[in-house]
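Just so it is clear: chains get the letters A, B, ... in the order the sequence lines come, proteins before strands, and each one is counted from 1. Computed from heavy atoms alone, side chains included, the values below leave out hydrogens, waters and symmetry copies.
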Amino acid sequence: MDDDGPPPGFEQPQKHWADEEPDTPPGLGIEADRLAQDLKLIAKVEPDADEPDLTLRLQEGLRDGIEEARITTQSDTIYASAATFEELPLTPEILQGLYVEMKFERPSKIQAITLPMVLTPPFKDLIAQAHNGSGKTTCFVLSMLSRVDPGINKPQALCMCPTRELVTQNLNVLNRMGKYTGIRATSTASETDGKFRKDPITEQVVIGAHGKLKTWASKRVLSLETINILVFDEADEMLKADGFADDSVRLIKEIRKRNPKVQLLLFSATFNDSVKRFAMQIAPTANQLFVAKEELSLDVIAQYNVRCPNRDAKVRVLKEMIFPNCERLGQTIIFVRSRDQAKDLHSAMEKDGYKCTSIQGGMEGSDRDRVVQEFRDGITKILISTDVLSRGFDVSQVTLVVNYDLPVERDQRTPQYETYLHRIGRSGRFGRKGVAFNLVSGFEDEKVVEAISAYFHKKIEEVQWDDEDKFIDVLQKSL
DNA sequence: AAAAAAG
């Protein structure tokens, strides 16, 4: 379950693109050179392969979160990476949204690589892995905006997300980016508690979570006939066997039945080997971009183990070390294992006058919206959460993540590596630094952090649980 | 156990 060894194309020694034989087909050579120069990469071109395959090693790009990646294209199309947004087939209205509303200047690396693949006919499927905070949302939002016709009042783009919060966040990004396009969007989170939509959707873009999307589809509120692009955000979560896989696969099938050429985009920061295989089964002809797991550990986030002598000491660490020192620095998310734990810890802290809020999936949608909005507005600084917010949740002021409970499977001892990476990725957004504390108590916890450290080839330093000077010192680094 | 939820 560890490593498959080098992916195809990686076993042979790498060649510098400039070392290519002169008999490389001219077109291919030029495009590969251009690609290589734009991204400062080493490209190995295999023009003789049955499927044209372009495997690239990125030398630079740490800033954008891709240091080494494997890119596979599965069509005759040779894609040139985009150094600027103008080079992409984007409408003036979309460009205006990018420059004026979003204040973006240039595509990030993942955008430079994947957008040409997605926006160039014949609109092939894509499976793309890239680091937290590297700009995946922009990739699929631009894709959806580009593939819908604002003149047609029918849903044409559909994006599925694992949580209500991600639905709302993605809708906001799309509305901003598409501000000048006249494209309209709706989401399953826009529906207020108790009031249900009955009229058919006329918005061109629909963003939603499983439950309500299923309902909308079965009640004919959402027509699947005209969908030509289908996006899965946090795709590995959406395709996880014991999770959303059944619903996701059914929806893909339903849409493909009506439009076999629907373009499927799968984005995530994590794809473990089994879900990666599954994704490739679902989209066997997709262009692909993958990152080795050793490259995924986020070096911008300083990670520390805090050994606590017992469970009670975890509360003391929160009260005596973290709450007094983190509030003035930035914002903090404390992850716990269960809904009850979120409620209990919240009330335990409040009871003793420690101000914070909490969120978990058992709460009313409107309450969740309010808690998240207060946190985004900076009104609240410390948020206790279950894994509802472990993925994708983007608040740039978050500088500290606390794993009060470590992410483990139901057996309480198998680490959830992907969840760990996603959780700590909530800090250090937008190129900022971040800090993560793992509260460790007991033998089981000890084994879990050891395994996580080994899995990502990442050494995790230690902070004494009662050493306040050290806590302050570490927290300063997140500034 | 969590996530969606008109279940």
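Ion pairing between A/Asp445 and A/Arg413 fails under the 4.0 Å rule for side-chain N and carboxylate O. Comment: A/Asp387 engages A/Arg423 in a salt bridge, judged by a side-chain N to carboxylate O separation of less than 4.0 angstrom. Ion pairing of A/Glu254 with A/Lys257 is present here, as a side-chain N (NZ or NE/NH1/NH2) and a carboxylate O approach within less than 4.0 Å. Ionic pairing of A/Arg391 and A/Asp236 is present here: one or more N-O contacts between side-chain nitrogen and carboxylate oxygen are shorter than 4.0 angstrom. A salt bridge links A/Glu203 with A/Arg197; the closest basic N to acidic carboxylate O contact falls under 4.0 Å.
The side chain of A/Lys212 sits closest to B/dA5 out of B/dA1, B/dA5, B/dA3. The side chain of A/Ala209 has B/dA5 as its nearest neighbour among B/dA2, B/dA5, B/dA3. Listed nucleotides: B/dA1, B/dA3, B/dA5. Nearest to the side chain of A/Phe244: B/dA3. Of the candidate nucleotides B/dA4, B/dA5, B/dA6, B/dA6 has the atom lying nearest to any side-chain atom of A/Phe196.
What separates CD of A/Glu364 from C1' of B/dA4 is a distance of 14 Å, to the nearest Å. Computed from coordinates, the A/Phe335 CZ to B/dA3 P distance equals 12 Å when rounded to whole Å. Taking atom CG of A/Leu166 as the reference point, atom C1' of B/dA2 lies 15 Å away to the nearest angstrom. Per the geometry, CG belonging to A/Asp236 stands 17 Å off P belonging to B/dA3, to the nearest Å. Protein atom NE2 of A/His210 is 14 Å distant from nucleotide atom C1' of B/dA2, rounded to whole Å. Regarding A/Asp369, its CG atom lies at a distance of 12 Å from the P atom of B/dA4, rounded to whole Å. Residue A/Asp242 contributes atom CG, which lies 10 Å from atom C1' of B/dA2 at whole-angstrom precision. Following rounding to the nearest Å, A/Asp344 (CG) and B/dA1 (C1') show an atom-to-atom distance of 15 Å.
Residue contacts shown for A/Thr163 are limited to sugar-phosphate atoms, with no base heavy atom under 4.0 Å away. Among the protein residues, A/Arg391 comes within range of no part of the nucleic acid, since none of its heavy atoms lies under 4.0 Å from any strand. Within 4.0 Å (heavy atoms only), A/Gln341 reaches no atom of the nucleic acid at all. A/Glu191 comes within 4.0 angstrom of nothing in the nucleic acid, heavy atoms only. Contact annotation for A/Arg413: no contact, since no heavy-atom pair falls under 4.0 Å across all strands.
Look at A/Arg339 and you'll find a side-chain N or O under 4.0 angstrom from OP1 or OP2 of B/dA3. Put simply, A/Thr386 has a side-chain N or O that comes within less than 4.0 Å of OP1 or OP2 on B/dA3.
Between the side chain of A/Gln416 and the base of B/dA1 there is at least one donor-acceptor pair of N/O atoms closer than 3.5 Å.
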